[in-house]
Protein chains: 2
Amino acid sequence: MSLAPTPESTKHPDALRVATVNVNGIRAAYRRGMQEWLAARDVDILCLQEVRAPDEIVRDLLGDSWHIVHAEAAAKGRAGVAIASRTAPIATREHIGDAYFATAGRWVEADFEFDGAKVTVASAYVHSGEAGSPQQEDKYRFLDLMTARLTDLRGTRDHALVVGDLNVGHTTLDIRNWKGNLKKAGFLPEERAYFDHFFSESVGWVDVHRTLAGEMDGPYTWWSWRGKAYDNDAGWRIDYHLATPELAASALHAVVDRAHSWEARFSDHAPLVVDYKL
Amino acid sequence: MSLAPTPESTKHPDALRVATVNVNGIRAAYRRGMQEWLAARDVDILCLQEVRAPDEIVRDLLGDSWHIVHAEAAAKGRAGVAIASRTAPIATREHIGDAYFATAGRWVEADFEFDGAKVTVASAYVHSGEAGSPQQEDKYRFLDLMTARLTDLRGTRDHALVVGDLNVGHTTLDIRNWKGNLKKAGFLPEERAYFDHFFSESVGWVDVHRTLAGEMDGPYTWWSWRGKAYDNDAGWRIDYHLATPELAASALHAVVDRAHSWEARFSDHAPLVVDYKL
DNA sequence: CCTTTAACG
DNA sequence: CGTTTAAGG
């Protein structure tokens, strides 16, 4: 299997290519062909969510060519986020918040220096959080912490990038069947308000993918495994690149690496790949 | 897929063909081709162990052509024994012993009448019982109950047949690597002593398969999934037809339906099929 | 509908 | 090495 060349797969020589993908179990993703996808894309920084595997297995699968920082969840086989990079980070941090989320496997950060510019990258996995469940409460607690962290990063870094599965669709453009999901976790008004706030002047982050894609439906990044959701593109845009304004302005293009006929769908999420020219 | 004709598959017109098979999950067995095996064998009474499925699913899979008595385990997805017959039983009983084993899904009996002769058939699934574990204690308790039941059946029935996965190899002929298993559950002296007792004059049952096969190694009925145990025939004879003497004497032949190149292995156990000419 | 673990075998 | 279920998604 190989990936056909696409305009987006031709990377500008100076560009930094950052991919985020919820792999829904990295072992299953590799069984389904993730390695072929990765080999065909010249990714510099790979942000993973729902790794769901012990650290040793993650390193075995990705191989020696990556520097890896991996925040495992205390619960075996659950959550887990990682940042794999071709160059070594100068610092890493494995969670946000207090002890409650210390071993949640939902947040990891790495600081890089590229040609003198400092860039902080975070891989985030927000709770799915069924409405009314205890997990929904955790989701709000986590989004509160994330708000604080975004504010802090915005104030203290040259450039910062928070990518990952944020498990919320921001606007009606972001969910195919938005009318049917107004009371469902992932499109609740209270959840969406967090994103309004992220992109407000006071917090000041940019939704890179939406900015590049413009006011179109989607492009979606997640489709249920059930039925024909994928074939019908009945998806949700819940995976994001959030960037500080200057970094966001440097984004050349964004691509959702939706599987085509000649390649495999290796997760229920598709990779979201953005090239930045710092 | 079809079964090549074998001498044993040609059933005498008056014979009663009784098969026992530990299916290790009837859903998985059907996925792996059990139905093709069953369609090719003209079985009259099919005794199953480790059914591991809800009653409704068992009836769906086997279809309408069978009368089924199914003793489910209280623990979902565990154990479960059944007797499927082409003719209706005149009575059924779904356990032995007191409340402790009432919902164990390890014993089921059916009484049949064939041309005026009464025959009781039981499908039994004795605990695997790792040595030293609490399950080993349960195994001995169950073997005690089975001893009592065998004694009772012997005294009260014209003909009785107890088949199933008894999870004990009786003699050194019954396990390929018997030397390496002298301290392993399934070949412990204390377990084997039960079988000496079953076949003693005082209890008076007959090991039909051994009687017909003679003093040979095997024929084995179970092989670990691991490694090349199956290819190397490194098996255990732990599935049995135990019969009362007159019924045992009527046995025409016994066959272990080991999968051949042209058919699938649908369980870690192979069916043991015996024809009786009452 | 899929991925893990867990217990059991 | 394979079967289930269970929780999580």
Side-chain angles (χ1 to χ4, degrees), chain A residues 22-32 34 49-54 57-58 72-80 104-106 125-131 133-136 138-139 165 167 184-186 222-231 234 236 238-239 264-269, chain B residues 22-32 34 48-54 57-58 72-80 104-106 125-131 133-136 138-139 165 167 184-186 222-231 234 236 238-239 265-269:
Chain A
N22 176 318
V23 292
N24 191 25
I26 194 169
R27 283 169 287 199
Y30 264 70
R31 280 198 300 274
R32 291 166 170 274
M34 177 174 168
Q49 302 89 39
E50 279 207 272
V51 167
R52 303 181 69 173
I57 288 174
V58 175
E72 271 185 82
K76 281 204 270 182
R78 302 235 188 275
R106 294 185 177 272
Y125 174 46
V126 175
H127 305 66
S128 176
E130 202 178 341
S133 71
Q135 289 92 329
Q136 185 69 32
D138 285 345
K139 184 174 188 173
D165 176 3
N167 263 318
K184 292 281 178 61
W222 176 82
W223 304 262
S224 169
W225 288 113
R226 303 185 201 184
K228 300 202 191 303
Y230 189 74
D231 293 340
W236 299 47
I238 54 179
D239 300 270
R265 182 187 181 196
F266 59 80
S267 168
D268 49 350
H269 296 252
Chain B
N22 176 319
V23 292
N24 192 25
I26 194 169
R27 285 170 285 198
Y30 264 69
R31 280 198 299 273
R32 292 166 169 274
M34 177 173 168
L48 304 175
Q49 303 90 39
E50 278 206 273
V51 168
R52 303 181 70 173
I57 287 174
V58 175
E72 269 185 83
K76 279 204 273 183
R78 304 233 186 276
R106 295 185 175 274
Y125 174 46
V126 176
H127 304 67
S128 176
E130 200 178 342
S133 71
Q135 288 92 327
Q136 183 70 31
D138 284 346
K139 184 172 187 173
D165 175 4
N167 262 321
K184 292 280 180 61
W222 176 82
W223 305 262
S224 169
W225 289 112
R226 303 185 200 186
K228 299 200 189 306
Y230 189 74
D231 293 339
W236 297 49
I238 55 180
D239 299 270
R265 182 187 180 197
F266 59 80
S267 168
D268 51 348
H269 295 251

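Please read these numbers as outputs of a predicted model, since none were measured by experiment.
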As a check on the pairing definition, encode DNA chain C in dot-bracket form, counting Watson-Crick and G-U wobble pairs whose two distances are under 3.5 Å, and using | for partners outside this strand. ||||.||||
Between B:Asp138 and B:Arg106, is a side chain to side chain contact (heavy atoms under 4.5 Å, CB included) present by the stated rule, with each step listed? CA-CA 12 Å; B:Asp138 284 346; B:Arg106 295 185 175 274; over 6 Å; no
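- Ring geometry, A:Trp222 versus A:His269: the interplanar angle falls from 30° to 60°, so the pair is classed tilted.
- The distance from atom CG of B:Asp231 to atom C1' of D:dC1 is 14 Å, rounded to the nearest whole Å.
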Can you build the contact string for nucleotides 2-9 of chain D? Use B for base contact, S for sugar-phosphate-only contact, and - for no protein heavy atom under 4.0 Å. SBSSSBSB
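- Following rounding to the nearest Å, B:Trp222 (CH2) and C:dC8 (C1') show an atom-to-atom distance of 13 Å.
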Under the side chain to side chain contact (heavy atoms under 4.5 Å, CB included) criterion, do B:Tyr30 and B:Ile57 qualify, and how do the steps go? CA-CA 11 Å; B:Tyr30 264 69; B:Ile57 287 174; over 6 Å; no
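- In this structure, A:Ser267 contributes its side chain and A:Ala29 its backbone to no donor-acceptor pair below 3.5 Å.
- The minimum heavy-atom distance linking B:Ala104 with B:Ala73 is given by the pair O-CB, 3.5 Å.
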Take B:Ile26 and B:Arg52 through the test side chain to side chain contact (heavy atoms under 4.5 Å, CB included) and record every step on the way to the result. CA-CA 7 Å; B:Ile26 194 169; B:Arg52 303 181 70 173; over 6 Å; no
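- Counting to the nearest Å, the P atom of C:dC2 and the CZ atom of A:Phe266 are 16 Å from each other.
- Looking at A:Lys139, its side chain does come within 3.5 Å of a backbone N or O of A:Asn167 through a donor-acceptor pair.
- Counted within 6.0 Å of CD on B:Gln136, heavy atoms from surrounding residues, nucleotides or ligands total more than 12; the atom is thus considered enclosed.
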